[in-house]
Amino acid sequence: MAKKIVIVGGVAGGATAAARLRRLDESAEITVIERTGFVSYANCGLPYYVGGVIPEKKSLTLQTPRSFKTRFDIDVRVSSEVTAIDRENKRVTVKSLADGGKYSLEYDKLILSPGAKAMVPDTPGVHSKRVLKLRTVEDALEMRRIVAEEKPGRVVVIGGGFIGLEAAENLVEAGVSVTLLQRSEQVMPPLDWDMACELHAELRKNGVDLRFKHAVESYEEIENGIRVHVKGRESIDCAFVVLAVGVVPESELAKAAGLELGPKGSILVDSHMRTSDPDIYAVGDAVPVVDPVTGALKLTPLAGPANKQGRIAADNICGIPSEYKGTLGASVVKVFGLTAATVGLNEKAARAAGVKYERIVGYWGNHAGYYPGAQNMTVKALFDPGTGRILGAQIVGPAGVDKRIDVFATAIRAGLTGADLAELELSYAPPYGSAKDPVNMCGFMIDNIRAGLVRQFHWDEVAALPRDGSVTLLDVRNPGEYEAGHIDGAVNIALDGMREHLGELDKSKPVYVNCFSGMRSYIACRILSGHGFDVYNLSGGWRFYELTMRGRADNEHFPCGEKR
């Protein structure tokens with residue numbers, strides 16, 4: 001008898017599961033129930049459709065109900081919602097959203113891929129038609145219609161995560177003035193604050209009115225728009241609001257069916273994607289995943305993991321014992337002229353998990369500096385000081401970021417150390433990279449630190465260094481660089497003349513050395529160490545220190561979005 005498989009949700013995980021099931025079992029009866037009017041659509045492309053970068057609506061949908069039927073003989077029913085699961089009799093109740101009619105479907109195996117829904121805080125006025133979300137194709141169609149037909153002057157984006165940043169960029173590119181409100185002091189939470197500072201500067205450079213520590217109290221509809229009331233701040237009038245404050249698992253159906261739940265109401269599954277009911281599987285944004293670095297459960301709503309989980313659920317239903325081995329959270333986002341990417345633990349996550357770590361910061365080109373067009377990226381990596389194991393990486397820059405973060409993702413998954421990074425053989429030609437790739441350079445830095453060849457201090461430790469003469473702050477840049485800006489209290493001795501000026505330094509005092517990026521100061525540290533000095537190198541150099549100081553000043557001086 002043909003196996004009956006019902007799939008709830010037809011986007012990333014559900015669509016992948018359906019296609020994989022058919023490739024493995026030609027006789028199975030496969031039915032996909034999707035609440036929206038579209039199936040197998042590209043959630044991640046929705047902001048780019050709003051901004052016109054993706055011009056055609058059809059580009060957002062990878063498959064249609066008709067193409068699923070024609071190619072895979074899969075019955076896809078859109079604008080339909082599963083409202084109940086009868087586990088005892090292995091039936092689901094389906095409601096047609098077109099006419100309200102209800103019917104039941106039998107299943108042998110059930111796959112839940114409901115995804116996550118946009119988080120909607122209980123804020124007065126939040127359900128106004130002028131407060132929009134950007135989660136489905138229908139959401140994107142409506143937002144683009146308003147932008148095209150109403151020509152809004154100003155839009156307020158609430159939240160600086162992936163969707164908020166992409167919506168802000170695309171609305172600006174469409175000619176709309178954007179104010180972005182964030183409750184915390186940074187955008188893109190997977191980054192540490194210091195790395196996010198580059199994105200803050202880029203957003204402001206491109207005209208985004210960026211405001212931190214802004215908590216919305218209420219929304220009030222006004223003529224041709226909406227007024228956003230902010231706690232302790234001025235109110236903001238705009239044409240509409242984009243609500244992008246995060247997502248929560250769509251687990252109500254599973255909860256009502258008595259399935260075991262995990263963190264934040266997610267649907268708990270084992271490594272085979274089975275729920276507490278052996279005939280029901282769950283995949284995608286609604287399920288928690290294991291962090292391979294810490295071993296803890298977490299929620300990571302990303303398309304890549306959802307697709308892999310859909311495939312694994314299908315494999316197990318068809319007798320192939322596949323396992324899902326966790327999610328590192330590798331992710332990347334475009335913010336105007338910059339790319340920001342992250343994988344594994346950041347400092348906040350490491351501290352929360354009680355993981356001991358050390359950090360390095362470097363600044364290197366995306367390809368050989370002598371080849372035209374080279375652009376530098378900031379790379380921050382976390383590692384275990386005891387073993388050298390790589391724990392996480394963050395990169396921000398105009399080019400070459402995605403390539404390196406993928407190497408780091410592979411390294412973390414494989415349990416590689418800094419020494420392993422130093423030995424990696426990565427492709428090189430002047431237009432594409434350097435003989436010593438930024439990933440290799442991170443490995444060299446970690447090796448040097450663990451071997452005791454250099455000791456570090458960091459940007460957030462500079463202010464605490466005494467200025468009473470008990471330590472020496474040494475800037476080894478050229479005089480012109482020094483005069484353009486330097487750490488308070490630092491003396492200037494250029495690297496290339498250092499050996500001739502060693503007598504000007506006191507060997508009894510620790511020496512804290514900086515240059516622009518950390519490279520020249522490392523060489524200076526080796527020179528000084530060779531002559532018996534106690535030395536420390538500034539991680540990331542003056543550039544990274546100055547970036548964080550400017551970011552801190554901007555947060556203080558422009559908290560309400562005042563223009564420069």
Side-chain angles (χ1 to χ4, degrees), residues 182 184-189 191-201 204 210 212-213 346-352 356-363 378-383 385 392 394 396 445 449 454-479 481-495 504-506 508-522 524-525 528-529 533-559 564:
Q182 179 75 13
S184 67
E185 292 187 310
Q186 72 167 85
V187 300
M188 198 176 173
L191 290 177
D192 285 316
W193 178 85
D194 50 15
M195 293 293 287
C197 284
E198 295 209 50
L199 299 188
H200 302 163
R204 289 186 170 114
L210 183 59
F212 295 116
K213 295 185 178 180
N346 59 23
E347 290 195 64
K348 294 170 291 189
R351 287 193 296 266
K356 189 176 182 181
Y357 70 92
E358 179 56 281
R359 51 181 157 156
I360 58 167
V361 177
Y363 190 58
T378 304
V379 184
K380 179 177 182 179
L382 272 59
F383 64 96
Q394 304 164 55
V396 179
M445 291 176 69
I449 291 167
V454 66
R455 289 177 291 177
Q456 299 186 106
F457 68 111
H458 302 283
W459 68 267
D460 50 358
E461 298 169 332
V462 171
L465 293 175
R467 266 64 169 187
D468 60 2
S470 60
V471 304
T472 300
L473 300 179
L474 177 62
D475 190 320
V476 298
R477 294 176 297 159
N478 295 327
E481 296 176 275
Y482 174 83
E483 292 299 330
H486 57 266
I487 294 173
D488 181 43
V491 297
N492 181 220
I493 301 176
L495 172 64
E504 301 173 17
L505 300 173
D506 187 344
S508 69
K509 300 176 182 178
V511 183
Y512 292 83
V513 191
N514 80 271
C515 68
F516 178 73
S517 67
M519 187 65 218
R520 283 175 288 174
S521 53
Y522 165 64
C525 284
L528 291 166
S529 292
F533 287 87
D534 179 20
V535 292
Y536 300 82
N537 189 29
L538 178 60
S539 173
W542 161 260
R543 177 197 166 271
F544 197 63
Y545 170 79
E546 195 271 339
L547 173 73
T548 58
M549 294 303 102
R550 189 173 67 244
R552 183 174 285 170
D554 281 352
N555 285 2
E556 292 174 356
H557 291 117
F558 306 108
R564 295 177 181 270

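For the numbers below, each heavy atom of this structure counts, side chains included, while hydrogens, waters and symmetry mates do not.
Y545 is not listed as a side-chain neighbour of L547, based on a closest heavy-atom distance of 4.5 Å or more. At a threshold of 4.5 Å between non-hydrogen side-chain atoms, the residues V396 and L199 count as touching. Using a 4.5 Å heavy-atom threshold, the side chains of I360 and L382 count as separate. Counting heavy atoms from C-beta on, the side chains of N514 and V476 never come closer than 4.5 Å. Counting heavy atoms from C-beta outward, E546 and F516 have side chains that stay 4.5 Å or more apart. L528 is listed as a side-chain neighbour of V513, based on a closest heavy-atom distance under 4.5 Å. By the 4.5 Å heavy-atom criterion applied to side chains, N492 and P479 are counted as neighbours. Taking the side chain as every heavy atom from C-beta outward, V491 and T472 approach each other to under 4.5 Å.
In this structure, CD on E185 lies 9.5 Å from NE2 on H200, to the nearest 0.5 angstrom. The CD atom of Q182 lies 12.5 Å from the NZ atom of K213; values are rounded to the nearest 0.5 Å. Summarising the geometry, atom OH belonging to Y512 is positioned 14.5 Å from atom OG belonging to S521; distances are rounded to the nearest 0.5 Å. Taking OG of S470 as the start and NZ of K509 as the end, the distance is 7.5 Å to the nearest 0.5 Å.
Relative orientation of the H486 and Y482 rings is parallel, given thresholds of 30° and 60° on the angle between their planes.
Using a 3.5 Å distance cut-off with no hydrogens or angles, the side chains of S184 and Q186 do not pair a donor with an acceptor. Using a 3.5 Å distance cut-off with no hydrogens or angles, the side chains of Q394 and N346 do not pair a donor with an acceptor.
Residue pairs that meet the salt bridge (Lys or Arg N to Asp or Glu O under 4.0 Å) test with at least one member in residues 463-477, sequence neighbours left out, are D475-R477.
Residues passing the side chain to side chain contact (heavy atoms under 4.5 Å, CB included) test with S539 are V361, Q456, H458, sequence neighbours excluded. The side-chain hydrogen bond (donor to acceptor under 3.5 Å, both in side chains) test applied to W459 returns D194, not counting sequence neighbours. By the side-chain hydrogen bond (donor to acceptor under 3.5 Å, both in side chains) test, N478 pairs with no residue at all, sequence neighbours left out. For F533, the ring pair (Phe, Tyr, Trp, His ring centres under 6.0 Å) test picks out no residue, with sequence neighbours left out. Listed by chain and residue number, nothing satisfies the salt bridge (Lys or Arg N to Asp or Glu O under 4.0 Å) test with E358 (two or more places apart in sequence, or in another chain).
Here the shortest heavy-atom pairing between Y357 and E347 reads OH-OE1, 2.6 Å. Nearest heavy atoms, G551 versus C197: CA-SG, 4.1 Å. Closest of all the heavy-atom pairs between L191 and K348 is O-NZ, 2.9 Å.
With hydrogens and angles ignored, the 3.5 Å screen pairs a side-chain donor or acceptor of N537 with a backbone N or O of G518.
The pair E481-R520 meets the salt-bridge criterion, with a side-chain N (NZ, NE, NH1 or NH2) lying under 4.0 Å from an Asp/Glu carboxylate O. Between E198 and R204, no side-chain nitrogen of the basic residue sits less than 4.0 Å from a carboxylate oxygen of the acidic one, so the salt-bridge criterion is not met. At a threshold of 4.0 Å, the pair D460-R552 does not count as salt-bridged, since none of the basic side-chain nitrogens sits closer than that to a carboxylate oxygen.
The aromatic ring centres of F457 and Y536 sit 6.0 Å or more apart.
With V535 as the fixed residue, the side chain to side chain contact (heavy atoms under 4.5 Å, CB included) test singles out one of L474, V511, V454, L505: V511.
A cation-pi arrangement is present between R543 and Y363 under the rule of less than 6.0 angstrom and at most 45 degrees off the ring axis.
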